[in-house]
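We name chains A, B, ... by the order of the sequence lines, and we start the count at 1 in each one. All figures in this text were calculated on a predicted structure; none of them were measured in a lab.
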2 protein chains.
Amino acid sequence: MTQVADQGRDRISRRQVDKFEERRKQLADSALRTLAELGYARTSLRDIAQNSEFSHGVLHYYFRDKVDLITQCVRQYKTECVKRYDHIVADADTADGLAHGFADAMAATLRDDAAMHRLWYDLRNQSLFEESFREDVLQIDDSLERMIARIVDQYAELAGRPTAFPPAVTYALYDGLFQQALLRHIAGDPEASADLAAHVLRTLPATLAEA
Amino acid sequence: MTQVADQGRDRISRRQVDKFEERRKQLADSALRTLAELGYARTSLRDIAQNSEFSHGVLHYYFRDKVDLITQCVRQYKTECVKRYDHIVADADTADGLAHGFADAMAATLRDDAAMHRLWYDLRNQSLFEESFREDVLQIDDSLERMIARIVDQYAELAGRPTAFPPAVTYALYDGLFQQALLRHIAGDPEASADLAAHVLRTLPATLAEA
DNA sequence: GTGATGTCTTGACACTCGTCAAGCTTTTCC
DNA sequence: GGAAAAGCTTGACGAGTGTCAAGACATCAC
């Protein structure tokens, strides 16, 4: 028992630890899907268990408490989310191609992963009230900012002009645009994703300074 | 009884209706303060009542249910929030003066009203999960967008140049910047508000097109 | 004053929540 | 194959939730 506390003890077979970590991830995944559906305020541990193939008691076997579970979810969300855009940077060989790739990817993930994105904004907001998540949220936010910076930097290089703003400003712009589009999309506006792509295309040149 | 349902019936003295509305507002105000402190997910009706001078039962006398109360809160928040910036537009007579007034006001409200702002973002996010608040949230968001548009339009006029982006884009930028600053401010970053002001000053010229 | 009406408190209800202990089932190891 | 450990289920607990009915208190009209 109390496996959670003392994973670090010696002489646990590698196999066991892996299995333990694997199930943690699996359960956190069920939790993520449930949270994305219901939102933080309405999701209980029983809801999460019901969306998995286990009963509610098992959650306390793999997680110290609810905060531990949600924290694991937040961390897991990060790894899933951040890499998603990197192929855009890798594939593009013209500024215009990069711009369209970026705009299309934003629009696509808005349509396809709306539930996950609203969960991210929900959890980021919870961190304004609950200190426990804050550090992880700040880390994720930072990695998102760097992801945007990579794209804009690459765009600037392909365009042969320097960037005009610090990464934080550029990130704020695209985060704001995405959030606005998400609200409209979920409210049923069919133009939301197309407008988002258009806004991205239009603002990208403005993130560059004079040659 | 069930005063809530049939306010509309005839022959209620004007005085009574006023008193009823007044108390509703007073209770919604207590609710706002409590929500700003605890966040939507952690605020119960008993918490709200405890932050007022009444007992928890009275809430059900003045509001149909919890959603009714929160909706009233959201609406009340709007009137308190939107007017705040209008004097900036009225007072400014140079582009630079307007820019500094805007930047300083953003920084000031970030410091002074952080709790209320995080509540707004919290409730806006709830509307992504709970349809009941959505209409009111969209209305408030719209009026915030128009508020930003008034400032940028005035700035453009004083500078003698046209604006470069549609209002939605400009709003997304400043909303994004403010949210980022709020996260940093609440996380304890003492530079958050100063950086916000700097970012606002730096981006305002970029919202204008070539003369 | 006296009843009627509006306002508010109290206490209870049915329910859900996070947590956890006890025990059952499966896997692991010698 | 059998003991020990890991993995999982069940059912319960105390606390907290939204809701609401019953009644106390206050205010008003007459």
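- Within the 4.0 Å cut-off from OP1 or OP2 of C:dT16, not a single side-chain nitrogen or oxygen of A:Ser44 is found.
- You'll find a donor-acceptor pair under 3.5 Å spanning the side chain of B:Arg46 and the base of D:dG18, going by distance alone.
- One atom, CG of A:Leu59, and another, P of C:dC17, lie 13 Å apart when rounded to the nearest Å.
- Within a 6.0 Å radius of CD in A:Gln50, other residues, nucleotides and ligands contribute 12 heavy atoms or fewer.
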Check step by step if salt bridge (charged side-chain N to carboxylate O under 4.0 Å, His left out) holds for B:Arg184 and B:Asp195.
CA-CA 10 Å; B:Arg184 286 177 50 197; B:Asp195 287 355; 2.8 Å; yes

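- Put simply, CZ on A:Phe54 is 14 Å from P on C:dT26, counting in whole angstrom units.
- Relative orientation of the B:Phe178 and B:His117 rings is perpendicular, given thresholds of 30° and 60° on the angle between their planes.
- Atom CD1 in A:Ile48 sits roughly 17 Å away from atom P in C:dT16 (whole-Å rounding).
- Distance from the side chain of A:Val58 is smallest for D:dT9 among the nucleotides D:dT9, D:dG18, D:dG7.
- Ring centroids of A:Tyr155 and A:Phe102 are separated by 6.0 Å or more, keeping the two rings apart.
- Distance, B:Arg42 CZ to C:dT16 C1': 17 Å, rounded to whole Å.
- Judged by the 6.0 Å distance and 45° axis criteria, A:Lys25 is not positioned over the aromatic ring of A:Phe63.
- Distances were taken from every side-chain heavy atom of B:Lys19 (C-beta onward) to each of C:dT7, C:dT19, D:dT10; the shortest belongs to C:dT7.
- In this structure, A:Phe20 and A:Tyr62 have tilted ring planes: the angle between them lies in the 30° to 60° band.
- The distance between atom OH of B:Tyr61 and atom P of C:dT7, rounded to the nearest whole Å, is 4 Å.
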Considering only nitrogen or oxygen atoms on both sides, find all protein atoms under 3.5 Å from nucleotides 20-23 of chain D and state each distance.
unit_1: D:dC20; atom_1: OP2; unit_2: B:His60; atom_2: NE2; d: 2.6

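- C:dG18 atom P lies 13 Å from atom CD of A:Gln50, rounded to whole Å.
- Of the listed nucleotides (C:dT9, D:dT9, D:dG7), D:dG7 has the atom at the smallest distance from the side chain of A:Tyr62.
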